[in-house]
Number of protein chains: 2
Amino acid sequence: MNRIARTTKDLGHVLREARKIQNLTQADLAARAGIWQRTVSNIETSASGAKIDTIFDLLAALDLELHIVPRSKMSPGDLEDIF
Amino acid sequence: MNRIARTTKDLGHVLREARKIQNLTQADLAARAGIWQRTVSNIETSASGAKIDTIFDLLAALDLELHIVPRSKMSPGDLEDIF
DNA sequence: TGTCAATATCCGCTGTAGATCATAAAACAT
DNA sequence: ATGTTTTATGATCTACAGCGGATATTGACA
């Protein structure tokens, strides 16, 4: 997967998608990331207000990373899926 | 610029670099992002604990976006600079 | 070297994320 | 339709980010 995130909503959605692709439950991911299932649910539903540390914990648990790039005209989801 | 961020420290550093490349002061960027110069300073110095909404505000003000990609073996800074 | 601009840091306040644990509601498998 | 699993949400508590404004310190510039 290679997904664009410009808003907290995009980010929550991308994280849920990545988790599902890896066949994990919210509890599975929470355990890997060292946070509570409730926190995973909150972030996937609406990452708004979440702490960046928690986001990085989730990314690490999903074996993902952030690339910061100049804004493009693409819409989220346009990039090639490569999960 | 195309920078990898795997930690909050990477992210703070990338944001500072991007701001300098665009010849902006912390006050300039703060005004564009609708936050305080103090908050910009805090995040650039140590983004740990920052709120994701604030990060997105800064990215938007710098005309940047996040790509979430599978973790690679590269180290931050390895990608081509294209600012 | 002196001045000014930029950045880091100070204080107090408010709102809330995440931890914690549990459970209701929704989704899924049969 | 039923049982199980998964996800969303409830309550309470603590820690602290960001706001608001100011200023000390550091760095850049003339």
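In what follows, chains are A, B, ... by sequence order, proteins preceding strands, each numbered from 1. The basis for the numbers below is simple: all heavy atoms, side chains too, and nothing from hydrogens, waters or symmetry mates.
Straight-line distance from the CG atom of A/L29 to the C1' atom of C/dG18: 15 Å, rounded to whole Å. Put simply, CH2 on A/W36 is 8 Å from P on C/dA22, counting in whole angstrom units. Rounded to whole Å, atom C1' of C/dT9 lies 12 Å from atom CD of B/Q26.
Taking the nucleotide of DNA chain D with the nearest heavy atom to each of B/G34 and A/N42, the more 5' of the two is matched to A/N42.
The side chain to side chain contact (heavy atoms under 4.5 Å, CB included) check on B/D28 picks up B/L24, B/T25, with sequence neighbours excluded. The side chain to side chain donor-acceptor pair (under 3.5 Å) check on B/S46 picks up nothing, with sequence neighbours excluded. Residues that satisfy the side chain to side chain donor-acceptor pair (under 3.5 Å) test with A/N42, not counting sequence neighbours, are A/R38.
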Using residues 29-37 of chain B as the side-chain source, report each donor-acceptor pair under 3.5 Å to any protein atom, sequence neighbours left out, with the distance given to one decimal.
| residue | atom | partner | partner atom | Å |
| --- | --- | --- | --- | --- |
| B/R32 | NH1 | B/A61 | O | 3.2 |
| B/Q37 | NE2 | B/Q26 | OE1 | 2.9 |

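Across the helix from C/dT1-D/dA30 to C/dT30-D/dA1, the helix axis at one end is tilted relative to the axis at the other end by 70° (nearest 10 degrees, each axis from five pairs).
When every heavy atom of B/A47 is checked against every heavy atom of B/T8, the shortest pair comes out as CB-O, 3.4 Å. Of all the heavy atoms in B/F56 and A/T7, the pair that sits closest is CZ-O, 3.4 Å.
For the side chain to side chain donor-acceptor pair (under 3.5 Å) with A/E65, the lone residue among B/H67, B/R71, B/R6 that qualifies is B/R6.
From B/H13, atom NE2 reaches atom CG of B/L15 across 10.5 Å, with rounding to the nearest 0.5 Å. Taking CD1 of B/I43 as the reference point, atom CD1 of B/I55 lies at 4.5 Å (rounded to 0.5 Å). For the atom pair B/D63 CG and A/S72 OG, the distance stands at 10.0 Å (nearest 0.5 Å). Between atom CD of residue A/E17 and atom CD1 of residue B/I68 there is a gap of 10.5 Å, rounded to the nearest 0.5 Å.
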Nucleotide N/O of nucleotides 11-14 of chain C paired with protein N/O under 3.5 Å:
none

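The phosphate of C/dA8 has neither OP1 nor OP2 within less than 4.0 Å of any side-chain N or O from B/Q37. Proximity of B/R16 to the phosphate of C/dA8: a side-chain N or O atom is located under 4.0 Å from OP1 or OP2.
Contact annotation for B/T39: backbone-only contact, meaning every heavy-atom pair under 4.0 Å involves sugar-phosphate atoms and none involves a base. Contact annotation for A/S41: base contact, defined as any heavy-atom pair under 4.0 Å involving a base atom.
When DNA chain D is scanned 5' to 3' for any atom under 4.0 Å from a heavy atom of chain B, the first and last hits are D/dA17 to D/dG21.
Within residues 47-60 of chain B, the residues having any heavy atom under 4.0 Å from DNA chain D are, by residue number, B/G49, B/A50, B/K51, B/T54.
For residues 50-59 of chain B, the side-chain hydrogen bond (donor to acceptor under 3.5 Å, both in side chains) pairs, not counting sequence neighbours, are A/S48-B/D53. Among residues at least two apart or in separate chains, salt bridge (charged side-chain N to carboxylate O under 4.0 Å, His left out) pairs with a member in residues 39-49 of chain B are B/R16-B/E44, B/R19-B/E44.
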